[in-house]
Amino acid sequence: MSLLLNRKVFGNPSNAGNLLTKEAAMTLFSSWVLNPKLQVHMLQVAHLMKTWAAEKEGLNETEQWKWELSGLLHDADWDQWPDKHCIKIIEHLESLNIDTEVMHAIASHGPNHFGVDPENQMDKMLFAFDELSGLIHAYSILRPGGYDGMDVKGVKKRLKEKSFAANVSREEIQDAANRAGLELDTLIAFIVSKQSAHQ
Ligand SMILES: [Fe+2]
């Protein structure tokens with residue numbers, strides 16, 4: 001099954017700044033995503049995107065929401081329409097005349113799967129957070145104390161263990177960090193601290 005999108009342009013540039021309201025985004029989220037584990041993953045990535053935009057990029061509230069929205073909806077069609085993953089949510093957002101950057105971020109969250117490279121920093125951070133966030137969350141579930149006392153060293157140990165979260169590509173995680181211009185340690189430390197505070 002190929003998930004290649006076979007296109008690089010999404011939506012119409014004249015829709016710049018047009019975002020869903022929080023209410024509309026949450027209605028879409030809860031009607032499309034029925035799997036509670038996937039909901040947790042998407043909410044975690046949304047939170048990471050928002051806090052990164054605010055704390056590391058110094059963006060205003062509208063821009064923070066754009067980042068959060070991209071994280072919130074990046075896997076919206078994975079649950080019910082896995083063979084149309086990315087296609088369905090992008091087409092839906094296009095029909096609502098949403099800002100092209102939101103669709104581009106969603107389209108580039110897995111460049112090896114969808115064939116679209118992350119371009120701006122929002123794209124790159126979504127790619128960087130996606131798999132690593134899930135791996136760190138899986139690690140927290142296995143630890144007796146959850147996120148308590150979790151450190152970068154422990155996460156890196158799990159990354160070296162091939163049998164742990166075996167379906168998560170370590171090469172992809174490193175590639176994503178490189179594209180974002182970040183050390184893996186920086187990324188891990190940020191995710192651990194934000195996810196531990198947001199449970
Ligand atoms: Fe994801």
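In each ligand, atom 1 is the first atom listed, and ligand 1 is the first ligand listed. As the structure is a computational prediction, the values presented were derived from the model and not from experiment.
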| Residue pair Arg143, Asp148: steps toward the salt bridge (charged side-chain N to carboxylate O under 4.0 Å, His left out) verdict | CA-CA 9 Å; Arg143 296 179 83 249; Asp148 280 354; over 6 Å; no

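With Asp117 as the fixed residue, the side chain to side chain donor-acceptor pair (under 3.5 Å) test singles out one of Arg179, Lys8, Lys124: Arg179.
Take His113 and apply the ring-ring contact (aromatic ring centres under 6.0 Å, His included) test, not counting sequence neighbours, and it matches no residue.
Only protein N, O or S atoms were scored, and 4 of them lie under 2.8 Å from the Fe ion (ligand 1).
If you check the side chains of His109 and Asp75, you find a donor sitting under 3.5 Å from an acceptor. Using modelled atom types and a 3.5 Å distance limit, the side chains of Asn120 and His104 yield no donor-acceptor pair.
Ring to ring, His41 and His74 are close: their centroids are under 6.0 angstrom apart.
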